[in-house]
Amino acid sequence: MRHARVGHSGFTLIELLVVLVILGLLAGVVGPRVINYLGGAKTDTARLQIQDMAAALDLYRLDVGRYPNNQEGLQALVEAPAGGTRWNGPYLKKKNIPLDPWGNPYQYKMPGEHETFDLFTLGQDNQPGGDGENSDIGNWQ
């Protein structure tokens with residue numbers, strides 16, 4: 001009886017190196033585009049969160065008769081401020097103040113420099129000004 005010779009199947013070192021080089025080239029071409037897309041998504045998320053909180057501030061004003069002052073801040077959207085007799089909140093669905101997409105608190109100023117109130121984030125660098133992901137995003141834009 002003859003035994004069939006069993007061959008070893010697998011990849012050679014050269015084949016593996018060729019695959020790794022191709023993957024490296026693809027990552028070099030596609031990687032920066034993906035990173036730019038993710039940065040744009042964070043900026044869009046910040047704009048949407050600001051719009052939602054600005055709408056909640058408008059509801060607060062309808063109930064209380066004024067916007068929260070600087071001392072009350074955005075916390076007035078989830079907890080009744082002292083002496084808030086007409087407060088009918090919480091005004092945010094999640095019952096907490098979200099952080100911006102970069103993990104920083106949103107800024108609130110009343111009265112605002114641009115609008116009746118200013119609600120904004122300083123972007124990824126958490127510094128005034130900047131370009132791209134580092135740019136400020138506010139309810140006046």
Side-chain angles (χ1 to χ4, degrees), residues 2-141:
R2 243 177 137 182
H3 293 287
R5 189 170 173 194
V6 178
H8 296 286
S9 61
F11 297 105
T12 65
L13 181 60
I14 297 294
E15 291 170 328
L16 288 174
L17 288 174
V18 168
V19 168
L20 288 174
V21 167
I22 291 171
L23 289 174
L25 291 172
L26 284 173
V29 171
V30 176
R33 288 186 181 175
V34 171
I35 290 171
N36 287 339
Y37 178 76
L38 290 175
K42 285 186 176 186
T43 300
D44 292 342
T45 299
R47 280 195 179 94
L48 290 172
Q49 286 180 325
I50 287 171
Q51 287 175 358
D52 286 347
M53 285 190 289
L57 286 163
D58 289 337
L59 289 174
Y60 177 94
R61 181 179 169 265
L62 286 173
D63 288 344
V64 178
R66 63 175 177 77
Y67 289 108
N69 60 38
N70 285 328
Q71 185 178 4
E72 296 164 338
L74 296 174
Q75 195 62 33
L77 297 175
V78 294
E79 287 180 10
T85 57
R86 297 185 320 206
W87 189 85
N88 194 25
Y91 296 92
L92 295 176
K93 288 181 183 179
K94 293 187 178 181
K95 298 181 178 99
N96 63 2
I97 308 300
L99 296 175
D100 72 13
W102 300 278
N104 302 310
Y106 282 99
Q107 308 291 315
Y108 173 76
K109 289 184 182 177
M110 174 61 190
E113 297 174 17
H114 304 279
E115 296 285 334
T116 305
F117 63 85
D118 288 351
L119 178 59
F120 59 98
T121 177
L122 298 174
Q124 181 178 18
D125 64 355
N126 204 28
Q127 300 293 322
D131 294 324
E133 278 192 75
N134 294 330
S135 65
D136 302 346
I137 302 164
N139 64 316
W140 60 89
Q141 298 168 328

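- Minimum interatomic distance between Arg86 and Tyr91 (heavy atoms only, all atoms of both residues): O-OH, 4.5 Å.
- Atom OH of Tyr108 is separated from atom CG of Asp118 by 9.5 Å, given to the nearest 0.5 angstrom.
- A distance of 14.5 Å separates CZ of Arg47 from CG of Asp52, quoted to the nearest 0.5 Å.
- Rounded to the nearest 0.5 angstrom, Thr121 OG1 and Asn126 CG are separated by 6.5 Å.
- Taking both residues in full, the closest heavy atoms of Met53 and Leu77 are given as O-CD1, 4.2 Å, listed atom of the first, atom of the second, then distance.
- In plain terms, the two heavy atoms of Gln124 and Asn134 that are nearest each other are CB-OD1, 3.5 Å.
- Between the side chains of Glu113 and Trp140, no donor-acceptor pair is found at a separation under 3.5 Å.
- Side-chain contact between Ser135 and Thr43 is absent, with no heavy-atom pair separated by less than 4.5 Å.
- Here the CG atom belonging to Leu122 is positioned 10.0 Å from the CH2 atom belonging to Trp102, to the nearest 0.5 angstrom.
- Taking all atoms of both residues into account, the shortest heavy-atom contact from Ala46 to Ile137 is CB-CD1, 3.9 Å.
- For the atom pair CG of Leu57 and CG of Leu74, the computed distance is 6.0 Å after rounding to the nearest 0.5 Å.
- Nearest approach of Leu119 to Ala54, heavy atoms of both residues: CD2-N, 3.8 Å.
- More than 12 heavy atoms of other residues, nucleotides or ligands shown are found within 6.0 angstrom of CD on Glu15.
- Residues Ala76 and Trp87 approach most closely at O-NE1, 2.7 Å, considering heavy atoms.
- Note: Gln75 CD to Asn96 CG = 9.0 Å, rounded to the nearest 0.5 Å.
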Please list every donor-acceptor pair under 3.5 Å in which a side-chain atom of residues 64-71 meets a protein atom from a residue at least two apart or in another chain.
| unit_1 | atom_1 | unit_2 | atom_2 | d |
| --- | --- | --- | --- | --- |
| Arg66 | NH1 | Glu72 | OE1 | 2.9 |
| Arg66 | NH2 | Glu72 | OE1 | 3.4 |
| Arg66 | NH2 | Glu72 | OE2 | 2.9 |
| Tyr67 | OH | Asp58 | OD1 | 2.7 |
| Asn69 | OD1 | Gln71 | N | 3.0 |
| Asn69 | OD1 | Glu72 | N | 2.7 |
| Asn70 | OD1 | Met110 | N | 2.7 |
| Asn70 | ND2 | Met110 | O | 3.0 |

**Request:** List the steps, then state whether side-chain contact (heavy atoms from CB on, under 4.5 Å) holds for Ile50 with Tyr106.
**Result:** CA-CA 8 Å; Ile50 287 171; Tyr106 282 99; 3.6 Å; yes
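- At least one donor-acceptor pair under 3.5 Å links the side chain of Gln141 to the backbone N or O of Asp136.
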